[in-house]
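Just so it is clear: chains get the letters A, B, ... in the order the sequence lines come, proteins before strands, and each one is counted from 1.
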Amino acid sequence: MITDDTMTEIPKTYDPQQAEHSHYARWEREGYFAPEINKDPNAPVFSIAIPPPNVTGSLHMGHALQHTMMDVLARHKRMCGYRTLWLPGMDHAGISTQLVVSRQLKKEKLSRHDLGREKFVERVWQWKAESGGEITKQMRREGASVDWSRERFTMDEGLSRAVREVFVRLYEEGHIYRGARIVNWCPTDQTVLSDLEVEKAPHKDKLYYLQYPLKDSARRITVATTRPETMLGDTAVAVNPDDERFRDLVGQMVLLPLTGRTIPVIADDYVDPAFGTGAVKITPAHDANDYEMGVRHSLPQVFVIDQNARMTLEAGEDFAGLDRFKARERVVEQFQELGLLEKIDEYEFSISRCERCRTVIEPLISTQWFVRMEEVRDLALDLKNKEGKPRFIPETYEKVYTNWLENLRDWTISRQLWWGHQIPAWYDEAGNVYVARDEAEARAKAGTDQLTQDPDVLDTWFSSALWPFSTLGWPEQTEDLKTFYPTSVLVTARDIIFLWVSRMVMMGLKFASDRPFDDVFVTGTILDKHGQRMSKTKMNGVDPLEVFDKYGVDATRIMLAAVGTTDVRWNDKQVESYRNFANKIWNATRFCLMNVEGAESSGDPFANNQTELPLHDRWILSRLHKTARDMNAALGAYAFHEAVQLIYHFFWDDFCDWYIELTKAIITAAEESPERSVARARMIWVLEQSLRLLHPFMPYITEELWQRLPVRHQDLLHPAYANAPPTIMLASYPQSDAGLIDERAEVEMQAVIDLVTRVRNIRSEMNIKPGDRVPVLIGAADDQLRAAFAANSDQIARLARASSVSVSGRLTAPRASARAALAGGAELAVPLEGLIDFEQERARLHRDRDKLEAEATKLEAQLANPQFVERAPAEKVSEARAKIADIQQRMAVLAETIEGLK
RNA sequence: GCCCGCUUGGCUCAGUGGUAGAGCACUCGCUUCACACGCGAGGGGUCAAUGGUUCGAAUCCAUUAGCGGGCACCA
């Protein structure tokens with residue numbers, strides 16, 4: 001009974017804020033997110049370690065995207081009865097966070113050195129508390145079903161202990177070493193960087209041709225360089241050994257201008273005779289390649305640039321103290337004055353910049369800590385080659401991953417920062433090094449307490465590499481570690497496959513004795529509307545919180561889930577359409593709740609004798625079970641987009657557009673009756689199942705509505721959660737019952753749907769007023785089809801707005817009718833005395849016939865081809881024959897109809 | 001330079017060896033007792049180009065073009 005009261009109770013438009021307000025707090029309070037909620041001792045385990053967001057600020061759309069996918073997986077598995085853990089946490093993000101705080105200090109006209117290490121680190125912890133708080137707030141808003149009781153931070157005591165343990169073991173086994181190597185130095189951040197933290201970008205600049213006079217002749221040898229200032233540190237000129245032009249010069253000495261030094265001409269295969277002048281200046285101290293060559297030829301290293309990117313005293317009095325770019329200008333000037341500048345070309349090459357601050361990297365020789373990767377690399381490669389793990393989705397990343405591993409080089413792990421894990425190495429006064437788990441152990445090893453700890457910290461990715469097991473208590477063999485490691489899947493963006501994914505695999509195999517995860521799901525990227533990556537510097541990012549506010553969390557989530565693995569351009573319209581979907585769900589439920597009286601049922605209202613169920617009930621059951629089957633399969637295969645499409649169309653098209661409309665007449669009957677009650681209960685039952693199917697994607701609205709349904713909530717929980725306070729979160733995820741998939745019901749229902757659609761089409765084309773009712777005549781020779789039409793004639797009348805529906809074996813209709821031929825040889829007529837323009841009607845029928853004929857021609861050609869009949873699968877051939885039979889039947893009906901109109 | 005991905009209706013994207021799909025946008029009609037964030041009916045694509053494999057290709061292979069990404073020591 002629809003009363004004004006119920007109408008006003010539920011608003012017409014869904015207000016996401018209202019639903020988002022309270023449920024999360026309750027879920028968290030009741031402990032639904034913790035695996036302990038699962039009381040089944042034999043429950044399978046599902047676990048995910050979150051890629052820990054950096055504590056540098058707030059979450060962006062990429063986080064929202066990843067978190068949505070992880071949450072969909074976690075919620076789905078939880079509803080399937082898995083002991084589910086999604087472990088949250090954050091990353092201290094060494095450089096990035098130190099930069100953020102340094103910038104804050106700068107506004108107060110302070111530097112970190114003004115504060116000193118201890119105070120500065122304290123200040124960063126303060127920032128961590130703020131930023132971390134913001135992030136957890138955002139994740140709660142997202143609806144992320146993470147177990148907050150297990151939240152971790154990479155600089156927690158436990159994780160720090162794991163870091164030291166791994167460092168010490170790697171050192172003791174000889175995988176970690178300290179030494180002077182050429183490294184990437186950022187003069188702004190004052191730290192070394194790994195190759196992966198350096199960004200290479202095309203750069204337009206100049207190529208300078210410098211002439212160096214030979215010592216014992218009047219000849220000059222010309223070298224080309226993009227960095228003239230480094231010539232002050234040259235210690236050789238190299239040519240290719242096979243290069244005829246310079247063969248006689250090899251071994252001779254060159255007078256290095258501006259320095260007064262003499263340097264040799266050497267021969268090395270590395271030199272490409274075809275490039276530049278064929279002669280290369282060699283600066284071992286300031287170029288990675290030259291460094292290698294210097295090692296090969298035992299060349300001296302002359303340091304002319306310091307850690308601030310200024311020229312050193314060794315560069316000579318004219319240059320000492322100059323910035324490297326100023327020095328470049330001056331070197332060029334002086335070469336010009338000396339007549340040794342041959343020419344300057346415009347030139348495009350790639351330049352290395354610090355990923356964080358964009359400063360041009362200065363290659364320097366510096367003493368740092370490194371990890372030899374060979375052993376762990378081989379562990380990872382073996383796992384991939386022998387067991388195919390981890391499996392990448394999409395597959396294309398498999399090759400990227402193995403290729404990178406195969407070409408792996410030593411990992412520079414020390415950083416000249418204050419924020420991070422300080423390297424567990426101590427030096428005595430003589431400079432001897434003691435690597436230990438703590439200072440006490442170091443003292444014991446050194447036999448003295450006069451020790452100084454290495455001031456450097458570890459690369460932030462060192463601790464991230466341990467994340468999947470350090471968060472579970474390693475090196476202790478905790479219950480959590482035994483239960484949840486290896487984790488099930490890693491969901492991540494593609495840009496950290498090397499930085500993070502590969503290193504987790506290597507470290508997991510080495511220290512946790514097993515792979516860290518089975519699957520790696522690599523998400524697509526959200527681009528801006530022009531196809532550009534969203535970035536802070538470009539200011540083109542879309543803030544997830546704003547989208548949440550505007551369209552609701554659920555709409556945003558399901559839109560993001562649908563992204564899957566491909567890059568997509570951001571478009572508000574897409575979220576809007578899912579906002580509309582949320583509203584549709586809201587209103588469908590609203591309708592059910594308006595017609596709830598008598599529907600309070602116990603058990604399955606479809607569970608009578610199934611053969612007695614009306615067609616539309618058998619049909620919706622079949623559709624529901626197919627949808628459940630396909631959704632479970634899609635989610636199991638990480639086919640998020642497919643899962644979203646399935647539930648979207650099931651809910652909107654099948655349930656709302658057809659099922660509710662078909663059952664409406666009974667549902668809204670004024671008189672109470674057993675039929676009305678059971679119909680209501682069935683509608684609510686299908687709705688309830690739909691909400692469960694939707695829940696992983698749209699947790700808030702589904703919980704909000706589910707709680708309002710007149711069902712026995714407790715009974716719907718998965719057995720593993722039988723005694724938990726009811727929530728849709730812990731309800732069983734619908735599983736398909738193959739016995740309820742009813743192909744015949746689907747065929748018959750489709751015939752009814754097609755029939756109704758054709759009548760509506762005729763009404764529309766004939767401009768029949770929506771309020772006008774017209775008679776509908778149906779002819780169907782097929783017994784089953786005829787029975788289906790007859791049994792549903794009331795619904796057909798309602799949906800097609802017919803004044804009457806008559807079904808017979810053979811159609812007899814007035815000449816003045818609009819007609820159509822349907823599948824299965826059925827025909828349809830709408831008598832429209834006075835409204836029919838016979839000419840027009842004939843044209844319409846001819847159009848229909850032409851379409852069929854075109855199709856028939858294709859099929860006939862196919863069947864006329866003996867090779868098709870011989871070679872195509874028998875199934876395809878019989879399919880084609882069945883199709884053509886149907887088309888011919890329909891054409892015959894049409895031909896007769898057209899004949900009748902003459 | 002090498003490798004990878006993408007190229008499907010106006011837009012954003014699905015899809016698949018057997019007669020092209022969705023959402024948005026568009027056209028027409030609707031205050032039809034859940035929903036105008038809606039309902040009903042429509043229009044619109046030779047699936048980048050060329051060649052090949054196949055009974056059959058938008059779907060597989062090769063080449064080309066455009067776009068995007070990754071890797072690389074060319075001064």
Side-chain angles (χ1 to χ4, degrees), chain A residues 2 7 10 12-14 200 207-208 223-227 230 238 270-272 274-283 287-293 347 349-350 394 396-397 399-400 403-404 407 494-495 497-498 525 527 529 531-533 551 555 559 562-564 566-574 576-595 641-642 644-645 648-649 656-657 660-661 664 668 756-757 760-765 767-771 798-799 801 854-855 858-859 862 865-873 875-877 879-880 883:
Chain A
I2 302 165
M7 287 292 284
I10 310 174
K12 276 187 167 187
T13 306
Y14 170 54
K200 287 180 186 166
L207 185 61
Y208 303 86
V223 295
T225 180
T226 55
R227 302 197 56 196
T230 62
Y270 161 76
V271 180
D272 176 2
F275 187 86
T277 61
V280 191
K281 58 186 278 309
I282 302 299
T283 323
D287 181 279
N289 302 311
D290 294 4
Y291 173 83
E292 300 289 335
M293 199 182 301
Y347 186 54
F349 59 103
S350 73
T396 174
Y397 295 107
K399 205 172 155 190
V400 178
N403 281 354
W404 184 77
N407 298 308
R494 68 169 147 265
D495 49 349
I497 290 177
F498 307 144
T525 311
L527 308 169
K529 64 179 166 208
Q532 300 284 310
R533 283 184 80 92
Y551 299 105
M559 178 265 156
V563 165
T566 46
D567 295 356
V568 288
R569 299 178 186 214
W570 180 263
N571 186 347
D572 268 11
K573 287 282 181 191
Q574 270 166 294
E576 194 179 305
S577 82
Y578 286 110
R579 188 271 318 263
N580 296 349
F581 180 50
N583 196 240
K584 188 74 180 178
I585 298 165
W586 180 262
N587 275 291
T589 308
R590 183 165 167 267
F591 176 74
C592 292
L593 293 176
M594 285 169 164
N595 296 286
H641 183 276
E642 192 187 336
V644 169
Q645 294 305 310
Y648 183 96
H649 290 292
C656 292
D657 286 353
I660 290 183
E661 294 304 326
K664 217 173 216 175
T668 57
V756 169
T757 303
R760 286 168 170 173
N761 168 262
I762 287 169
R763 295 182 58 113
S764 188
E765 284 195 23
N767 294 315
I768 294 163
K769 291 202 186 80
R798 186 184 166 86
L799 297 180
R801 312 204 115 226
E855 231 177 293
K858 270 188 196 171
L859 285 166
Q862 201 171 28
N865 181 350
Q867 286 181 308
F868 170 72
V869 182
E870 278 167 34
R871 299 195 195 178
E875 175 201 332
K876 295 289 173 195
V877 177
E879 222 171 75
K883 260 189 218 165

Partners meeting side chain to side chain donor-acceptor pair (under 3.5 Å) with A:Lys584 (sequence neighbours left out): none
Closest to side chain of A:Gln862, choosing from B:rC39, B:rG18, B:rA25: B:rG18
Suppose we screen for side chain to side chain donor-acceptor pair (under 3.5 Å). Which residues come up paired with A:Tyr397, at least two apart in sequence or across chains? A:Arg494
Distances under 3.5 Å between protein N/O atoms and the N/O atoms of nucleotides 19-21 of chain B, please, pair by pair.
residue, atom, partner, partner atom, Å
B:rU19, OP2, A:Lys883, NZ, 3.3
B:rU19, O2', A:Lys858, NZ, 3.1
B:rU19, N3, A:Glu855, OE2, 2.8
B:rU19, O4, A:Glu855, OE2, 2.8

Output a table of nitrogen or oxygen pairs between the protein and nucleotides 4-6 of chain B separated by less than 3.5 Å.
residue, atom, partner, partner atom, Å
B:rC4, OP1, A:Lys399, NZ, 3.3
B:rC4, O2', A:Thr396, OG1, 3.0

Could you give the CZ-to-C1' distance, from A:Phe868 to B:rU54, as a whole number of Å? 13 Å
Rounded to the Å, how far apart are A:Leu527 CG and B:rC13 C1'? 13 Å
When rounded to whole Å, the CD to P distance for the pair A:Glu576 and B:rA36 reads 15 Å
Atom CD of A:Glu642 and atom P of B:rA22: how far apart are they, to the nearest Å? 16 Å
With no hydrogens and no angle check, is any side-chain donor or acceptor of A:Asn587 less than 3.5 Å from a backbone partner on A:Thr13? no
Under 4.5 Å between any side-chain heavy atoms of A:Lys573 and A:Glu576, yes or no? yes
Which distance, rounded to the nearest 0.5 Å, do you find between the CZ of A:Arg533 and the CG of A:Leu527? 7.5 Å
Looking at B:rC74, B:rA34, B:rU12, which one has an atom nearest to any side-chain atom of A:Cys656? B:rA34
Considering only side-chain heavy atoms of A:Pro770, which listed nucleotide, B:rC30, B:rC71, B:rA34, is closest? B:rC30
Nearest-Å distance for atom pair CG/C1', residues A:Asn403 and B:rG69: 15 Å
Tell me whether the NZ or CZ atom of A:Lys664 lies within the 45° cone about the ring axis of A:Phe591 and under 6.0 Å from its centre. yes
Proximity to the side chain of A:Arg760 - top-ranked nucleotide from B:rC35, B:rC73, B:rA41: B:rA41
Using atom CZ of A:Arg569 as one end and atom P of B:rG10 as the other, report the distance to the nearest whole Å. 15 Å
Kindly point out which of B:rG29, B:rC39, B:rA36 is positioned nearest to the side chain of A:Lys12? B:rA36
What is the distance, rounded to the nearest whole Å, between atom OH of A:Tyr578 and atom P of B:rC13? 13 Å
For atom CG of A:Asp567 and atom C1' of B:rG69, their distance in whole Å: 8 Å
My understanding is that only residues two or more places apart in sequence, or in another chain, count here; which of them pass side chain to side chain donor-acceptor pair (under 3.5 Å) with A:Ser577? none
Parsed dot-bracket for RNA chain B after applying the Watson-Crick and G-U rules with both distances under 3.5 Å and | for other-strand partners is (((((((..((((....[..)))).(((((.......))))).....(((((..]....))))))))))))....
Shortest side-chain distance from A:Arg801, nucleotide among B:rA34, B:rC13, B:rU32: B:rU32
